[in-house]
Amino acid sequence: MDAEKLLAQLHGLKTVFDEKESELTALDREIGDGDHGVNMKRGFNAVDEKVSEGSTKEILKQTGMTLMSSIGGASGPLYGFSFVKMSDAAADEIDADNLAQMLDIFTETVAEKGKVEGGEKTMYDVISKSAGVLRETGGLKMEDVQKLADDTEDMIATKGRAAYFKEKSKGTVDPGAQSAVYIIHALGEGVDNG
Amino acid sequence: MADILIISHSSKIAEGTKALVGQMAKDVTIHASGGVDGEIGTNIDQINNMLGSIGNDTICFYDIGSSLMNLEMAVEMYDGPYAVHISKAPLVEGSFLAGVESSVGTETEYILEKLNEMKK
């Protein structure tokens with residue numbers, strides 16, 4: 001995935017989050033404050049508008065800065081800061097190995113800044129296992145990544161606003177885990193198509 | 001003399017705390033920001049803007065939830081010439097103590113030690 005392809009994949013997320021807004025809103029209404037759909041939509045609309053050129057590193061960094069300033073709550077800054085951190089590791093031509101390294105950084109950043117670990121029903125449950133999926137299967141197929149988000153359905157939230165719902169959070173896929181699926185799938189798709 | 005930086009979810013908390021500390025520490029520069037677009041919240045841009053205008057080593061205070069996360073990210077990305085410290089002390093009491101100590105010329109290191117003894 002070169003800079004042009006990376007940019008196309010990130011711009012493509014505008015369409016994805018436009019389409020998935022109501023799905024994410026519905027999940028977040030169940031176990032949060034209902035703003036995750038509109039937040040992700042706003043964030044990637046801003047990326048589509050503001051990020052237009054540069055090297056892979058520059059594109060990732062600008063995407064991160066844009067997400068940090070345009071999405072409220074915890075998820076925007078976490079996604080944004082992770083993109084900024086991942087930009088350091090990005091090669092000019094991102095292949096599967098390089099993407100796996102970037103996903104390791106994504107994982108470390110969310111763990112450190114979000115103060116989260118596995119099994120707490122968050123975006124981390126998808127992000128932290130995606131590098132493993134990529135290394136094992138050579139790609140990031142939608143069904144494989146979606147499975148990671150589906151696994152959060154039976155978990156009980158202990159972090160973020162969902163934690164106030166305790167046992168009631170069981171039975172709903174975590175909205176942050178679901179939005180992470182779309183982001184990671186888009187990155188994986190870019191590598192698949194060379 | 002250290003600068004004080006205050007980030008809150010509420011503009012009124014930020015402004016009120018700044019006024020409180022400012023009254024006792026007139027010579028200390030206090031950077032305060034709260035709320036996002038008139039609503040409750042914090043945003044990394046407002047912290048970046050404040051860090052862009054610091055003129056001394058700075059001690060930062062935050063209130064609840066994601067304010068610490070945003071503050072940590074902004075401080076990690078700060079590449080200016082000053083040392084920026086995050087205090088886990090309670091926003092009002094901590095910034096008050098730091099402001100007063102800074103105004104009487106207490107070393108930043110010693111202020112940080114005192115702040116460490118305060119619990120949120």
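Every chain is numbered from 1, with letters handed out A, B, ... down the list of sequences.
- Using a 4.5 Å cut-off on side-chain heavy atoms (C-beta onward), A/L78 and B/M73 make contact.
- Hydrophobic clustering, with ILVMFWY side chains joined whenever heavy atoms are under 4.5 angstrom apart, keeps B/L20 apart from B/L5.
- A/M65 contributes atom CE, which lies 7.0 Å from atom CG of B/D45 (distance to the nearest 0.5 angstrom).
- Considering CG of B/N70 and NZ of A/K113, their distance stands at 11.5 Å, rounded to 0.5 Å.
- A/F81 has its side chain within reach of B/E76: a pair of non-hydrogen atoms, C-beta onward, lies under 4.5 Å apart.
- In the hydrophobic clustering of this structure, B/I4 does not group with B/I86; members are Ile, Leu, Val, Met, Phe, Trp, Tyr whose side-chain heavy atoms approach within less than 4.5 Å, directly or through other members.
- Contact of A/I71 with chain B is not made at all, since no heavy-atom distance falls under 4.5 Å.
- At a threshold of 4.5 Å between side-chain heavy atoms, the hydrophobic network of Ile, Leu, Val, Met, Phe, Trp and Tyr places B/M50 and B/L91 in two separate groups.
- In the hydrophobic clustering of ILVMFWY residues, with side-chain heavy atoms under 4.5 Å counting as a link, B/L71 and B/V21 come out apart.
- Heavy-atom distances place no part of B/E39 under 4.5 Å from chain A, backbone and side chain included.
- Heavy atoms of other residues, nucleotides or ligands lying less than 6.0 angstrom from CE of B/M24 number 12 at most.
- In this structure, A/S69 OG and B/Q46 CD are separated by 11.5 Å, a value rounded to the nearest 0.5 Å.
- Of the inter-residue distances, the one linking A/K85 atom NZ with B/M77 atom CE reads 9.0 Å to the nearest 0.5 angstrom.
- At least one side-chain heavy atom of B/E72 sits less than 4.5 Å from a side-chain heavy atom of A/K115.
- Transitive grouping of hydrophobic side chains (ILVMFWY, heavy atoms separated by less than 4.5 Å) keeps B/I7 and B/L115 in distinct clusters.
- Residues B/I44 and A/P77 fail the side-chain proximity criterion, which asks for heavy atoms closer than 4.5 Å.
- Within a 6.0 Å sphere centred on CD of A/E153, other residues, nucleotides and ligands contribute more than 12 heavy atoms.
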